[in-house]
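So you know, we letter chains A, B, ... as the sequences are listed, proteins then strands, and number each from 1. The analysis underlying the following values was restricted to heavy atoms, covering all of them including side chains, and did not include hydrogens, waters or symmetry mates.
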Amino acid sequence: MIILHDATSGAVRVRFFAWGALMLVLLAAFAFHVMPHLRVETDVLALLPQTQRERALDEALETFSAKLARKQIFLVGSADPVDAKLAAAAFARELRASQAFDHVQLEADEALRQRADVYIAHRAFLLAPEDAQALADGETDRLANRALRAAYTPSGLMQALGVAEDPLGLTSNFLRLQMQATGHVRLDDSMLIAQGDGRSWVLVLSESAGSPFASAVQARVLPAIAQARSAAQRAVPAGIEILASGAIQHAAAAADRASHEIATFGTIESVAVIVLLLVIFGALRPLLLGLATLSLAVVAAFTVVHYVFGEVHLLAVVFGSSLIGSVIDYSIHFFADRFRDPTRWTPLDALRHVGPAILLGLVTTLIGYAVLAVVPFPGLKQIAVFCMVGLVVGCGCVLCLYPVLAHTRRQRLPKLGARIGTAIDGLLLRWRWTVPKLAILVAALALVLSGLLRLDIRDDVRTLQQSPPALVASEQRVRELLGSGIETRFFLVSGDSAQAVLSAEQRLTEALDGLVREGAIASYRSITRAVPPVERQRSNNTLLAERVYAPGALLDRVMGSLGFPAEAVERRRQEFATGAGPLAVEEWLASPASTGLRDLWLGKVGSRYATVVTLGGIDDVSALAAVALPDVQLIDRVAETTATLGRYRHAMTLLLVLVYAVAGIVLTVRFGWRAAPRMLLPSILATLVTLGLFGWLGVAMNLFTLLALWLVLGLGIDYGIFLRHGRESRPTAILSVTLSACTTLIAFGLLALSATPFIRSIGLTLLCAISLSWLFVLFSCLTSFGPHRTRQEEPVHG
Amino acid sequence: MNIRSLVLTLSLFWLMPAHAADPFAHPATADALLASTLSRPAAALSRAQVLEGRFTHSKHLRELPQPLVANGEFTFARELGVYWHTLQPFDSVIVLTAAGITQSDEGAQTMHLSANEQPAVRVIADVFLALFTLDVARLNATFDLYGMSQGERWIIGLRPRSAAMSAAFKEATITGGKDVEQITLTDTHGDRTSIDLSGIEYSTEPPGPDVRALFGRPRS
């Protein structure tokens, strides 16, 4: 601040050129290096910290979830199945041609026999669980009868292997288990088809090349889908309907809506601010300098966040738009200073007069954001860095560039600004606090604050990220038609070795079989169905040896009664004795048999092995949560996210209190214990009253409400500091603060109209809290208690 | 597909003499088959709501010197499915519907395969129903068709187009005159199943309660 006080024109010039050069470097870096690589992340989940699992495991789960998020399901439907197939073929062809997908599946996997090979090689160790149970229970009569029925009736056609090859049908039963589909699809001419709503729907599966949340991937995938849709329409001009499901359309809709809102709100906001500033200052210069400062601040924020984090999250951008409020504030304070003495004013006067206040306001705001930056929450770090950089650059521009650039030859200013300042000041000067007025105020506050008790807190992430109804409806129809969908909940099974994982998973699948019977879930996918744990395989082998292949046992009995010659029976026995050993996970993974299930095996992750069991058609979440087995964890990203948002909302509330306390100390040291509460209490009160009103109005509070209250902290304290600094020229200070509040309200009032719930939360909170903050701070700093003291009204020049 | 007009035009192209027993030497289209070979039986069957008769099911297996022979009676009901009652050498009932396959032995259910869980079951069910009713359009969706006829007699051949289907059987032939008389399925292992039908009776009336009861659905 010493620098500001002895600001000579020489020092000012040095600072001007140094800062100007820095800004040019910034612009160059942004234009040539940042812009081409800029990536805007839109997933709220990406802002969340990692959970408390082992790091390596978390990364593996991340990979698995990311792969899940890359999948899309399309249903191409028509009343005529032939049309549906034609359209689906055109659709899939176009998707493949676009190169935007890693994988597009239209035909069901045809290599059934190849897929069966690895199981047939290890058939001496593989049994369907029901058959193993029947053998263990000694139900040999039933098994023998079943085999004879299959030989004599068309039901034998359902067996994958012939009667001679698999006389008891045990291998066929195991293979049938592997081919089990989930949901309502059937194989028709090698395509998978679902029936419903009077149409045949052909299933097309795809996997986008890259994360659905990356805008570059969206930019490739969405046009590809649109083109595929029109290709399908061209192939079959009438009566085609295409339903889609997958994360990418939701992500794209969110990004699209956000950018649309930013464009709309940004335009309205800019126009409103331009009009406001033109009317008040009657000149273009404050406006142009203000916009230039703002642009530099935003560019700097984007650049630094890009370099530090590798990407910029949408939320940082949204929240960073608060920069518009703060940075424009600095310009406003600087130019509003002119109203003190329009005829003799020079920019150097303003620097001396409002510079210290701007710096002090900046420092308190930075303290707040610095606290955010140390919280281990990646999103908050980004927001903090984005805002801090923007504020510092905005402030730097005002303090270094304006003293040179803000020179004006105009002697007069429009009268409106002065009138507003004087009018409000007059009102405040006449205002006297009396006991009844205070009583009413206290009663009103008590009433509103009692709403705090009714405040609804909602951390559920689903209420924060809502997709357009059309997409949700399409998703829902896909789910209904297929009887399954992309479920976000799954089980994680881990263990010290691959076999330990399989054993733990075996126990889990037994529990899940129970849940399927109870209807809590429709289905699940696990690899133990294909590769049972080795101890299970060995017991299968023992059962087969003792109950089937032993002389005089089932094999002899069934093949004998069918009339097979003794050599044929002996050949089967020989094959059993000389077949391959137990099926190992590695061999299975390397074979075509694991197609479609391979992703479930996470393999060696850090010090442990892990696999995933995915679920279909979840009906009862609590039943899933009740599954308690060692080394088995239910992974519920949505619930985890909700819990994390809750934890951080809690932490942020405490941090907010802490920052208010720190700001209180800073202000007390600077202004004394009498003045500091007057500057700080309005923001605190505005915060509490806003929350009280939310309580009464039934508006739920969440993490994003709190983020907005952090902004209120910074802006509110600024108002206090300015009014305090401007004591000698009250109307000017009032005008300055009022203009600031207006620009902020214009910016955030519009956010309250956003269709994205979390942005709306921010907007609504700021709309309410900033108006209150402005009102409270005027009364708190500029009215007095007790009898009328005579005071010279300061002349205001127009 | 306007079958009647096609019958007139396409019958001109279908004058091929049936000189060999191998129908697979004669590729055909569904329209052509309907127009000539199958025009009469298909027309009769397309009106039938319920079809009843007796069957003999013979399975010729590799490594097995003599075929496995079973016989019994069947009921086909449009919209319901096939009721397949084996009487000899043992009592066993298979009910095949679009929803799946159920097998009961001596009155107790011993097997159930749901079409929802096993996509292939539905295809088999569809094809089976189509075979019985000579639903050529439906068959044509899944198979390459072959066929020839001589006088009253006709034979058509079916080869699955998709590999998934050929896992169940490699090729099928249907022979008959007025009615479907024999269906033969040859699978990929070289096993052969032939089903001879006899004593077939049609009913153009919708299935009555006694027939519905066979499918476990007393009322519609």
Side-chain angles (χ1 to χ4, degrees), chain A residues 81-82 85 107-114 116 142 145-146 148-167 169 173 175-177 179-193 195 483 522-523 559 561-565 567-569 571-572, chain B residues 55 57-59 61-72 82 84 86 88-90 92-94 96 98 101 103 105-106 110-111 113-126 128 137 141-143 160-169 185 187-191 193 195:
Chain A
V82 178
K85 285 179 196 169
E107 266 86 24
D109 184 14
E110 297 206 339
L112 288 181
R113 183 71 206 199
Q114 280 171 11
R142 190 166 73 77
N145 275 340
R146 188 182 73 184
L148 294 180
R149 300 294 186 270
Y152 280 99
T153 67
S155 70
L157 286 173
M158 296 306 302
Q159 310 278 40
L161 302 183
V163 174
E165 210 178 343
D166 184 26
N173 270 359
L175 291 175
R176 181 178 305 134
L177 216 54
M179 309 299 170
Q180 207 161 73
T182 52
H184 304 153
V185 288
R186 69 190 165 94
L187 201 54
D188 186 338
D189 212 14
S190 83
M191 293 184 193
L192 287 170
I193 293 199
Q195 296 290 339
S523 62
M559 289 187 84
S561 48
L562 289 177
F564 278 99
E567 315 88 78
V569 184
R571 271 199 293 276
R572 292 295 88 79
Chain B
F55 69 83
H57 178 276
S58 325
K59 206 157 198 166
L61 298 177
R62 258 179 326 136
E63 304 188 23
L64 196 61
Q66 75 290 349
L68 303 172
V69 181
N71 55 60
V82 180
W84 193 264
T86 303
Q88 287 295 327
F90 41 70
S92 172
V93 173
I94 294 176
L96 183 68
I101 296 177
Q103 184 164 16
D105 298 321
E106 281 95 34
T110 50
M111 180 193 74
L113 288 179
S114 153
N116 280 346
E117 285 170 12
Q118 295 283 335
V121 167
R122 208 185 305 235
V123 184
I124 300 271
D126 275 2
F128 227 78
T142 313
F143 301 99
R161 288 213 195 92
S162 72
M165 194 70 208
S166 35
F169 57 88
L185 302 166
D187 70 16
T188 40
H189 327 288
D191 294 348
T193 304
I195 301 170

Side-chain heavy atoms of B/T86 within contact of A/Y152, under 4.5 Å: no
Part of B/L61 lying under 4.5 Å from any heavy atom of chain A: side chain
Contacting region of B/P89 [heavy-atom separation from chain A under 4.5 Å]: side chain
Under the side-chain hydrogen bond (donor to acceptor under 3.5 Å, both in side chains) test, residues paired with A/N173 that sit two or more places apart: A/D131, A/R176
Contact summary for A/P565 and B/P65, nearest pair of heavy atoms: CD-CD, 4.1 Å
Heavy-atom pair of closest approach, residues B/K59 and A/T153: NZ-O, 4.2 Å
Which atoms of B/L68 approach chain A - backbone, side chain, both or neither, heavy atom under 4.5 Å: both
Contact origin within A/R149 toward chain B - heavy atom pairs under 4.5 Å: both
Sequence-distant partners of A/F564, ring-ring contact (aromatic ring centres under 6.0 Å, His included), two or more places apart: none
